[in-house]
2 protein chains.
Amino acid sequence: MSRSLDGTDWRILSELQEDGRLSFNQLGRKVNLSAPATADRVRRLEEAGVIAGYQARIDAAHAGLPLTAFVKLRCSPGRCLLRTTASDEFPEVVEIHKLSGSSCTLLRVRAASMPHLEEIFERIGRHGEIDTQIVLSTQYEGRPVTEPPTENRSAERSPGWSRGTRPDGA
Amino acid sequence: MSRSLDGTDWRILSELQEDGRLSFNQLGRKVNLSAPATADRVRRLEEAGVIAGYQARIDAAHAGLPLTAFVKLRCSPGRCLLRTTASDEFPEVVEIHKLSGSSCTLLRVRAASMPHLEEIFERIGRHGEIDTQIVLSTQYEGRPVTEPPTENRSAERSPGWSRGTRPDGA
DNA sequence: GTTGAAATCGTCTAAGG
DNA sequence: CCTTAGACGATTTCAAC
């Protein structure tokens, strides 16, 4: 396991979340480092799994998918097919979270139109009891992950569950 | 307004969501286009707002923020300070959605530890009535936005609200 | 971690179909 | 609207300090 991230690492992460296409030269200037040193740190962050990849951010509204909704799905253990077949059967589901309590699953879906959204709900509804919530607007999303306050970071050293089971893995 | 996206555009978007650092050359090979033609299309998608930017994808768990929670916040209209001050006061809030019904707001927060999460809840709770839900695990998130089925796309031409008010803008 | 230099790669422009 | 070819510019990478 790699050691904790220092301030420079966080500055690099911050810049790379704002513009993932920065060259090592440009990035280095922003964090007061030379290009090779910057490249080393980025490579290390990639290998440590902190940087999971680089991707274009798509504005779904401009891409013909203006509707977003959250769906709470309560399915019986054996029937929760979403885990395995989501990729093929539910392309509109862009996120799947398992929540605490009531064996609940939270889905986030994108749709092109109200009929489309309705059809998605109907399809998901076959897998369990659902509770839907339509998003009117989004103030922001994908906000850069930033360095947590020091007093909370110290709790990182806490036992077991925070490291091993990886509650929110990619 | 630009016209609708064709199949090649969607293939480009798909590839760029998987690897946002592809060169026009590499990308062109994947979609059977030359580099200049690919550059033209990408530039057009950028200017149309479909591609909103490029960013590094951070694995929050590996970055010391293993906990994720959703917070439903029901705040009185005048006291909903989250809109303006979120950036400074709530760095842990990575998403803000306005939901239909009950003047509800859905927040997504990331935390380093349980005490940290508890402290965040307490801080948000000062702005209204909250209902919290902790994420146990995430099957996936940030799934690439894909081309919607044709029968649903046709509904894009529906009136007013789907274009003008942009329910899910970046 | 820094500096400097060389090699590589990508981008851009232009001409042509 | 796409393709090919060439030149320019930039980045990455290696070496040495």
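Source: prediction; values computed, not measured. Proteins get letters first, then strands, A, B, ... in listed order; numbering begins at 1 in each.
In this structure, R21(A) and A37(A) both approach DNA chain C, and ranking their closest nucleotides by distance from the 5' end singles out A37(A).
Annotation: side chain of T105(B) is not in contact with side chain of H97(B) (no heavy-atom distance under 4.5 Å).
Protein atom CD of Q26(A) is 14 Å distant from nucleotide atom C1' of dG10(C), rounded to whole Å. Taking atom CZ on R29(A) and atom P on dT12(D), their separation rounds to 14 Å, with Å as the unit. Distance L22(B) CG to dC9(C) P: 16 Å, rounded to the nearest Å. Between the P atom of dC9(C) and the CG atom of L27(B) lies a distance of 18 Å, rounded to the nearest Å. Put simply, CG on L33(A) is 6 Å from P on dG1(C), counting in whole angstrom units. Rounding to whole angstrom units, CG of residue D9(B) and P of dC1(D) are separated by 11 Å.
Of the candidates dC2(D), dG1(C), dG4(C), the closest approach to any side-chain atom of P36(A) belongs to dG4(C). Picking from dT11(C), dT13(D), dT2(C) the nucleotide with the shortest atom distance to the side chain of F24(A) gives dT13(D). Among the nucleotides dT11(C), dT3(D), dT11(D), the one closest to the side chain of S23(B) is dT11(C). Distance from the side chain of N25(B) is smallest to dT11(C) among dT2(C), dT11(D), dT11(C).
Contact annotation: R43(A) reaches the phosphate of dT13(D) (side-chain N/O to OP1 or OP2, under 4.0 Å). OP1 or OP2 of dG1(C) sits under 4.0 Å from a side-chain N or O of R41(A). Taking side-chain N and O atoms only, S34(B) has no distance below 4.0 Å to OP1 or OP2 of dC2(D).
You'll find the ring centres of F90(A) and H127(A) inside the 6.0 Å limit.
Between R108(A) and E141(A) there is a salt bridge, with a side-chain nitrogen of the basic residue lying less than 4.0 Å from a carboxylate oxygen of the acidic one.
Dense packing is recorded around CZ of R123(A), with more than 12 heavy atoms of other residues, nucleotides or ligands lying under 6.0 Å away.
Considering V93(A), V94(A), L67(A) as possible partners of V109(A), the one that fulfils the side chain to side chain contact (heavy atoms under 4.5 Å, CB included) test is V93(A).
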